[in-house]
**Student:** 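Right, I'll just put the structure down here and ask away after.
Letters A, B, ... are given to chains in the order of the sequence lines, protein chains preceding strands, and every chain is numbered from 1.
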Amino acid sequence: MTNINRRQFISNLAIATSFLMCPGLKAVGLTDSDNETSQKNKLLVIFLRGAIDGLNIVTPYGDKRYYEYRPTIAIPSPKDDNGLVDLDGFFGLNPGLKALKPYWDNKSLAFVYASGSPDPTRSHFDAQDYMESGTPGVKSTTSGWMNRLVSVLPKSQSPINTVNFGPIMPRILDGPNKVTNISLGKALAKPQVYDRPIINKFFGELYTNSNDELSHNYNEAMKAHRIVIDELQKEMVAANNGAPTPNENFGKQIATLFTGQANITSAFISFGGFDTHVNQGNTKGQLFNHINNLGNGLANLIEGLGAIYKHTTIVIISEFGRTAHENGNAGTDHGHGNVIWLLGEPIKGGKVYGKFSGLAANDLYENRDIPVNTDFRDVLSLILNEHMGISQKELNNIFPNYNLPKQPLPIFG
Amino acid sequence: MKKSILYVLSLILILASNSQLVIAKASELTENEKIFQVLNRLTYGPKPGDLEYIKKIGLNKFIDNQLNPESYELPPFLMADLKSNEAIMLSPAQILQNYGRKMIASQNPSVTDKTELNKLYVKNLHKIYLLSAQARIERAMSSPRQLQEVMTDFWFNHFNVSHDKGLVHLWVGSYEERAIRANALGNFRDLLGATANHAAMLFYLDNYLNSHIKENPHEQNNNKLKLGINENYARELMELHTLGVDGGYHQNDVINLAHILTGLSLWHEKMPKNAIPNEAFGSCFYPNRHDFSSQTILDQKIASGGLDQINAALDLLANSSATAHHIAYELAQYFLTDDPPASIVNKLADKFSETHGNIKAVMECLINSPEFFDPKYYRVKYKSPYRYVVAILRLSCLKYSDLNNAMGLLGIMNQMGEPLYSCLTPDGYKCTKTAWLNPQSILQRISFATACGSGKFLTGQNGALNFELVFPLLKDTLTPATIDTITKAPAQLKPALLIGSPEFNYY
């Protein structure tokens with residue numbers, strides 16, 4: 001009850017202060033009819049932990065220094081059979097992400113180059129923490145920005161409005177607002193111990209007898225659990241042939257839960273294994289394998305979303321980039337700027353946004369890394385404002401002490 | 001609807017006919033409830049036999065023993081386990097030597113592949129993590145010095161380090177043993193100094209890099225690390241460890257304190273001659289890296305003097321009334337209620353200041369306050385996942401060595417969002433209901449309770465928990481409806497329902 005009142009209070013505040021909007025932002029007031037529109041729009045945030053090597057994801061093959069800097073791990077130019085998938089004559093896409101090329105072509109895939117956190121740390125720990133809290137340089141922020149987002153999202157009918165796909169609640173979803181977590185994988189569609197009739201019966205009795213907060217939470221959880229089970233079992237019946245490997249399976253499961261009864265509004269998932277200090281590989285090897293699974297999973301996801309893709313933005317971030325030069329172990333070390341990936345029909349795609357200043361030593365951050373010319377919050381704020389209908393006032397709570405630049409990137413046109 | 005009206009009516013009748021008795025009951029805990037309050041707050045929860053034991057020696061004596069942990073000998077099996085536990089017995093440098101990358105390379109000369117070597121290193125990290133966790137959990141289960149263990153959890157979170165960050169992984173057990181547990185009921189200033197000087201904290205909050213000069217004396221690290229002033233530890237030292245976020249310090253204080261802390265870094269075998277090592281804690285003061293100038297923090301000038309200046313700064317912070325208030329609030333929140341009344345916080349803060357941070361005296365003051373046994377605060381705290389798991393382990397009366405899946409238990413804490421030693425942020429895990437109560441957590445607890453009930457994590461004569469012993473112990477904390485449900489349930493489900501009940505989530 002108090003939650004709803006608080007939300008209404010915040011909504012009213014937003015309307016009252018909407019004349020204070022900065023020029024770069026759409027004026028958004030959360031009236032009831034807006035609520036309905038916003039509710040349709042969905043956000044999936046994917047975090048690639050370990051700092052993915054952005055230079056080998058979207059490669060500036062047009063800058064020949066790329067090949068000088070990376071004698072063993074460079075991805076060959078698009079002319080090569082196994083080489084890059086050309087994007088715009090200068091940038092090419094890692095062939096492991098071939099499955100995403102159709103979305104570049106239909107203009108729902110974009111990238112923001114030389115982007116990341118303004119904080120200079122090269123510690124995974126700190127950099128992830130800052131990106132998840134949404135407050136670079138400030139360690140004492142107790143909640144994650146996606147949790148703060150929950151308090152201003154319209155309340156959905158589904159008990160799984162905001163969800164983390166994974167066994168533990170990540171920093172980005174930490175905080176006072178209720179979020180749920182669901183572990184993807186084969187076990188998800190399987191009944192749990194509390195689905196066994198006798199256990200269900202007796203625990204159900206314990207948690208309705210007491211009619212308190214705990215019972216309320218129990219009932220919410222069981223509702224969410226049943227929806228997940230129902231939806232995924234339908235899905236398994238529909239697609240029992242040619243099942244993808246578990247690594248690619250994430251796309252189908254998420255799509256199922258974004259659509260149908262579950263109707264998730266915002267979600268988070270993270271993948272690891274990108275800290276490629278040693279033997280990174282190029283057109284095969286560890287990085288290729290990871291992103292190949294990721295790319296195929298994303299393509300499955302988009303296919304599964306169907307009509308919902310029109311209302312979905314997927315943003316893929318990583319804590320920082322990696323060194324422009326390869327190191328002595330055929331890998332790359334911790335760098336600074338990276339590339340942010342954007343997917344979804346609302347995106348004005350088919351374009352590499354951001355300021356790429358080239359690979360000359362002078363143009364690199366500390367003579368070694370891609371600089372950060374676009375703050376990751378610039379991109380996220382635009383998504384929240386233009387796509388999720390979050391007002392300026394509310395953005396100030398989600399990203400405190402931060403202002404959008406005067407000329408935001410036109411990623412939504 | 002009708003039922004509840006009848007209930008209210010009958011309640012009014014009872015109140016009217018026997019008002020004195022009802023009021024008496026509401027304003028004071030029964031003797032049994034007082035014992036439960038002490039077991040709930042000063043230990044990790046009751047286990048079979050505790051009630052009888054406390055009745056025999058008297059509640060005041062039990063409290064006194066808890067405040068003076070040396071009153072109890074540790075059981076021999078526990079002593080033996082701890083003595084052979086390298087995570088807590090070795091110095092940080094020895095642990096690095098025995099479990100670090102160099103040792104792996106020298107022990108496996110035939111392995112040259114870096115990925116393979118890394119796998120071996122990760123295996124070692126796993127081993128030392130399990131040893132650190134064992135030292136914590138087996139004492140929580142079996143040590144009669146329960147308050148010392150509960151306070152270790154409290155202070156660990158107050159002075160949190162995360163094993164996920166680099167070398168902290170190797171040192172988290174040593175940190176807890178040498179810096180935290182040793183001072184858990186001692187003096188706050190000693191505790192503060194111990195955490196400041198332990199390698200785990202120096203690494204976790206980056207003070208090992210905090211240097212007045214821009215060169216690194218550590219040979220193995222001389223590649224790309226940029227050195228200079230690092231404010232990370234200085235800021236948290238004031239914000240989290242002492243004064244509190246509203247404790248009246250400013251950015252200048254942070255910078256000046258960071259200058260004072262320059263040169264306090266990690267122990268290293270190739271340290272220069274003028275360095276002052278603290279081998280037991282794995283730290284070292286490097287005069288060459290220290291800024292020898294006087295500094296002003298909190299409007300007080302602190303004369304130059306190397307380590308003496310650092311100690312003077314710690315004295316100043318430990319003695320501030322803001323610190324007293326900050327610690328008093330946290331203690332009251334942890335041991336009494338999520339939103340403690342100002343009356344108790346002020347009382348504890350006064351005691352803290354008056355005794356110059358005598359932790360035992362502050363705890364004594366808390367326990368002797370009328371608030372401690374006020375029915376308002378009886379069983380109102382919600383168990384964190386860690387406490388929930390440990391409370392079940394205690395009920396089982398098992399030893400750590402009886403557990404058939406200790407790693408699985410750590411995995412459960414991870415799934416429940418409170419992996420041991422793994423709170424990434426320096427503010428540590430919360431102890432409040434809002435932090436831990438969410439829909440998924442209830443189902444996780446039910447699954448875990450059911451698994452425990454069927455002996456998945458716990459072995460023992462009657463499966464996991466001896467229901468005949470545990471049910472009578474907890475019966476008074478259960479509602480009639482819960483008792484009714486458990487009574488009706490088939491025998492094999494009873495223990496699971498007991499520890500998976502709503503009531504068992506509170507303490």
**Student:** Please classify the contact between B/Thr115 and chain A as side chain, backbone, both or neither, with a heavy-atom cut-off of under 4.5 Å.
**Tutor:**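 Contact with chain A: side chain only.
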**Student:** Determine the option with the most heavy-atom pairs under 4.5 angstrom with chain A, choosing from B/Thr434, B/Asn232, B/Leu240, B/Ile446.
**Tutor:**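 Greatest number of close heavy-atom pairs with chain A: B/Ile446.
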**Student:** Would you compute the distance between atom CZ of A/Phe203 and atom OG of B/Ser447 and round it to the nearest 0.5 angstrom?
**Tutor:**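 Here the rounded value is 8.5 Å.
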**Student:** With rounding to the nearest 0.5 angstrom, report the CG to CG distance, A/Asn177 to B/Asn438.
**Tutor:**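 The CG atom of B/Asn438 is 12.0 Å from CG of A/Asn177, to the nearest 0.5 Å.
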**Student:** CD1 of B/Ile442 to CG of A/Leu214: how many Å apart, nearest 0.5 Å?
**Tutor:**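 So the CD1 of B/Ile442 and the CG of A/Leu214 are separated by 4.0 Å.
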**Student:** Are B/Arg235 and A/Lys139 close enough that some pair of their side-chain heavy atoms sits under 4.5 Å apart?
**Tutor:**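 Contact flag for B/Arg235/A/Lys139 side chains = no.
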**Student:** Between B/Leu493, B/Asp427, B/Ile486, which has the largest tally of heavy atom pairs under 4.5 Å with chain A?
**Tutor:**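 The option with the most such pairs is B/Leu493.
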**Student:** Answer yes or no: are there more than 12 heavy-atom neighbours, outside A/Asn401 itself, under 6.0 Å from its atom CG?
**Tutor:**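 No, the 6.0 Å shell around CG holds no more than 12 heavy atoms from other groups.
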**Student:** Before accepting this row, confirm whether a basic side-chain N of the pair B/Lys488/A/Glu205 lies closer than 4.0 Å to the acidic partner's carboxylate O.
**Tutor:**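 Salt bridge present between B/Lys488 and A/Glu205.
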**Student:** Working to the nearest 0.5 Å, report the span between CZ of A/Phe202 and CG of B/Leu497.
**Tutor:**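 So the gap between those two atoms works out to 7.0 Å.
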**Student:** Under 4.5 Å heavy-atom distance to chain A, tell me which part of B/Asp206 shows up: side chain, backbone, both or neither.
**Tutor:**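 Looking at B/Asp206, just its side chain touches chain A.
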**Student:** Do A/Met222 and B/Leu443 touch side chain to side chain, with heavy atoms closer than 4.5 Å?
**Tutor:**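 In contact.
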**Student:** Just how far is it from atom CG of B/Asn505 to atom CG of A/Asn217, taken to the nearest 0.5 Å?
**Tutor:**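 Separation between the atoms: 10.5 Å.
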**Student:** Any carboxylate oxygen within less than 4.0 angstrom of a Lys/Arg side-chain nitrogen, looking at B/Lys165 and A/Asp126?
**Tutor:**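 Yes, this pair counts.
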**Student:** Minimum heavy-atom separation for A/Ile199 to B/Thr450, with atom names?
**Tutor:**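 Between these two residues, the closest heavy atoms are CD1-CG2, 3.6 Å.
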**Student:** Please look at A/Tyr218 and chain B and tell me whether the side chain, the backbone, both or neither of the residue comes under 4.5 angstrom of a heavy atom of that chain.
**Tutor:**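 Answer is both: backbone and side chain atoms of A/Tyr218 are under 4.5 Å from chain B.
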**Student:** State, with a plain yes or no, whether a side-chain heavy atom of B/Pro490 is found less than 4.5 Å away from one of A/Ile198.
**Tutor:**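 The answer is yes; the side chains approach within 4.5 Å.
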**Student:** Give the member of B/Arg445, B/Lys114, B/Glu236 that has the highest number of heavy-atom pairs under 4.5 Å with chain A.
**Tutor:**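 Heavy-atom pair counts peak at B/Lys114.
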**Student:** In terms of heavy-atom proximity below 4.5 Å to chain A, should B/Tyr506 be classed as side chain, backbone, both, or neither?
**Tutor:**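 It is the side chain, since no backbone atom gets that close.
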**Student:** For A/Asn279, which atoms come within 4.5 Å of any heavy atom of chain B: side chain, backbone, both, or neither?
**Tutor:**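 For A/Asn279, the contact with chain B is made by the side chain alone.
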**Student:** Looking only at heavy atoms, which two atoms of B/Ser501 and A/Leu206 are closest? And how far apart?
**Tutor:**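 Reported closest heavy-atom pair: CA-CD1, 3.8 Å.
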**Student:** Report which part of A/His225 has an atom under 4.5 Å of a heavy atom belonging to chain B: side chain, backbone, both, or neither.
**Tutor:**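 Just its side chain gets close to chain B.
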**Student:** Can you measure from OG1 (B/Thr485) to OH (A/Tyr207) and round to the nearest 0.5 angstrom?
**Tutor:**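 Reported value, rounded in 0.5 Å steps: 11.5 Å.
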